[in-house]
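This one's a predicted model, so the numbers in the text were calculated from it and none came from an experiment.
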Amino acid sequence: SGPDYGYRNRSQFQMVDGRIGYFEEGSHDLVPVKQCIISSPMINEALAKLRDLIPNFVRRFELFTNETEVQFNVLDTGRPLAKRFFEACAQRVNGVLSSSLDYKVGDDTFHVSHSSFFQVNRFLIEKMIESVLEGVEGGESAFDLYCGVGLFTLPLARRFKKVTGVELGTSASRDLEFNLERAQVTNVRAVKNQAENWLAAITETPDFVLADPPRAGLGKLAVAELNRLKPRELVIVSCDPATLARDLAGLLKGGFEIAGATLIDLFPQTYHLETMVRLRHSGSAS
């Protein structure tokens, strides 16, 4: 766990008749806010400085920050915003960008486009990586499924001779390729494909598989392919306990055994928990 407040590096705000805030749970009634106590100081600073600049026809927007620059993303609007709007924003807030920003985590820097997923808890991103890779000594090959912009891919590349990063999203796939090229990583192959479809064509058994799927989880097809490949070690990072339980049931039937689990409180003040589960296959050498 980390600090309970000021942790979010990315926050979405609603706008109704020029008022900025959040919708009340289960409704479209706006609760106006001047600041958000779970958002980072940089987001609240930007919100205060930009509040009177944002036109009334904007319905929903997002602020994403690396604590130096702020990315302003328009998510829903009655009409397009003119270039001069972003120029005016840039005069008030350092580095207001409309397309992407660079986010540094440990030794790596990630180019993150406005529509690419990135972990939101600025205090726990590096600890998440450490937790996932704890005890992973490396080897010949690793698969990073649902790899996004490469948050785990780049650290894996320093431990394994060959790494394959699989990501279906167009924006994240482009960011992944950019990040690999900029870091001059040559032992990673970036694949734009659905994880289960790509796994179905694979015959080699990797030493290590990392899967960080969306809320829908791995699903039956991906579980079946992982049971067929029997990697020595499999780590699942899950944001939904129900789909995780479903996937684990199928993997345990396929010969995997749970070696450990870690709960990561990525979203303080909510009921959501991230779960990292480490599995080893009973038929693999320890």
Side-chain angles (χ1 to χ4, degrees), residues 1-67 70-82 85-86 88-89 92-93 96-99 101 112-125 146 148 169 171-172 212-217 219 237-246 263-275:
S1 62
D4 290 338
Y5 299 100
Y7 64 86
R8 285 193 71 96
N9 59 27
R10 198 173 210 154
S11 299
Q12 293 184 11
F13 298 91
Q14 306 286 343
M15 278 191 72
V16 177
D17 298 327
R19 297 175 302 145
I20 298 173
Y22 297 110
F23 285 149
E24 187 177 328
E25 185 177 6
S27 79
H28 284 84
D29 296 331
L30 188 83
V31 179
V33 298
K34 289 187 177 180
Q35 65 173 359
C36 172
I37 60 174
I38 64 171
S39 295
S40 81
M42 191 72 178
I43 285 180
N44 283 310
E45 180 184 325
L47 185 64
K49 291 180 178 179
L50 300 178
R51 180 179 294 273
D52 64 320
L53 281 181
I54 304 173
N56 289 352
F57 56 78
V58 172
R59 302 188 188 102
R60 186 162 57 98
F61 66 91
E62 176 183 80
L63 295 174
F64 178 38
T65 183
N66 56 13
E67 299 311 307
V70 174
Q71 182 188 99
F72 183 94
N73 301 321
V74 179
L75 304 177
D76 189 8
T77 180
R79 58 181 186 267
L81 287 164
F85 164 76
F86 293 101
C89 290
R92 293 196 185 183
V93 177
V96 171
L97 307 168
S98 58
S99 58
L101 58 71
V112 185
S113 296
H114 72 277
S115 55
S116 295
F117 171 80
F118 200 74
Q119 296 292 347
V120 300
N121 192 314
R122 65 194 184 99
F123 298 118
L124 294 180
I125 298 175
Y146 318 91
S171 175
D212 186 7
R215 197 164 295 279
V237 181
S238 171
C239 57
D240 187 277
T243 58
L244 173 63
R246 177 204 65 201
L263 293 176
I264 306 170
D265 192 9
L266 280 186
F267 314 102
Q269 314 305 323
T270 78
Y271 62 84
H272 294 286
L273 281 171
E274 199 88 357
T275 308

- Task: Would you list the pairs meeting salt bridge (charged side-chain N to carboxylate O under 4.0 Å, His left out) in which at least one residue belongs to residues 4-13, sequence neighbours left out?
- Result: Arg10-Glu62
- Please, which pairs that meet ring pair (Phe, Tyr, Trp, His ring centres under 6.0 Å) have at least one residue in residues 33-61, sequence neighbours excluded? Phe13-Phe61, Phe61-Phe72
- Taken in chain and number order and not counting sequence neighbours, the residues that satisfy side-chain contact (heavy atoms from CB on, under 4.5 Å) with Asn56 are none
- Only counting residues at least two apart or in another chain, list the ones meeting salt bridge (charged side-chain N to carboxylate O under 4.0 Å, His left out) with Arg59. Asp76
Counting only pairs under 3.5 Å, give me each side-chain donor-acceptor contact of residues 36-47, with atom names and distances, residues two or more places apart or in other chains.
from  : atom 1 : to    : atom 2 : distance (Å)
Ser39 : OG     : Ser11 : OG     : 2.5
Ser40 : OG     : Met42 : N      : 3.4
Ser40 : OG     : Ile43 : N      : 3.3
Ser40 : OG     : Glu67 : OE2    : 3.0
Asn44 : OD1    : Cys36 : N      : 2.7
Asn44 : ND2    : Cys36 : O      : 2.9
Asn44 : ND2    : Ser39 : O      : 3.4
Glu45 : OE2    : Lys49 : NZ     : 3.1

- How would you list, by chain and number, every residue that makes a ring-ring contact (aromatic ring centres under 6.0 Å, His included) with Tyr146, sequence neighbours excluded? none
- With sequence neighbours left out, the residues meeting salt bridge (charged side-chain N to carboxylate O under 4.0 Å, His left out) with Asp17 are none
- Looking just at side-chain N and O atoms, do Ser116 and Ser171 make a donor-acceptor pair shorter than 3.5 Å? yes
- Those residues that, when tested against Gln119, pass side-chain contact (heavy atoms from CB on, under 4.5 Å) (two or more places apart): Phe117, Ile125, Met128, Leu151, Asp212, Leu266, Glu274
- Query: Which value, rounded to the nearest 0.5 Å, describes the distance between Phe23 atom CZ and Arg60 atom CZ?
  - Reply: 9.0 Å
- So which pairs with a foot in residues 18-36 pass side-chain hydrogen bond (donor to acceptor under 3.5 Å, both in side chains), sequence neighbours left out? none
- Set of salt bridge (charged side-chain N to carboxylate O under 4.0 Å, His left out) partners for Arg79, sequence neighbours left out: none
- Applying salt bridge (charged side-chain N to carboxylate O under 4.0 Å, His left out) to Arg51 and not counting sequence neighbours gives none
- Does a side-chain heavy-atom distance below 4.5 Å link Phe85 with Ile54? yes
- Item | Any residue meeting side-chain contact (heavy atoms from CB on, under 4.5 Å) with Leu273, in chain and number order, not counting sequence neighbours | Leu263, Asp265
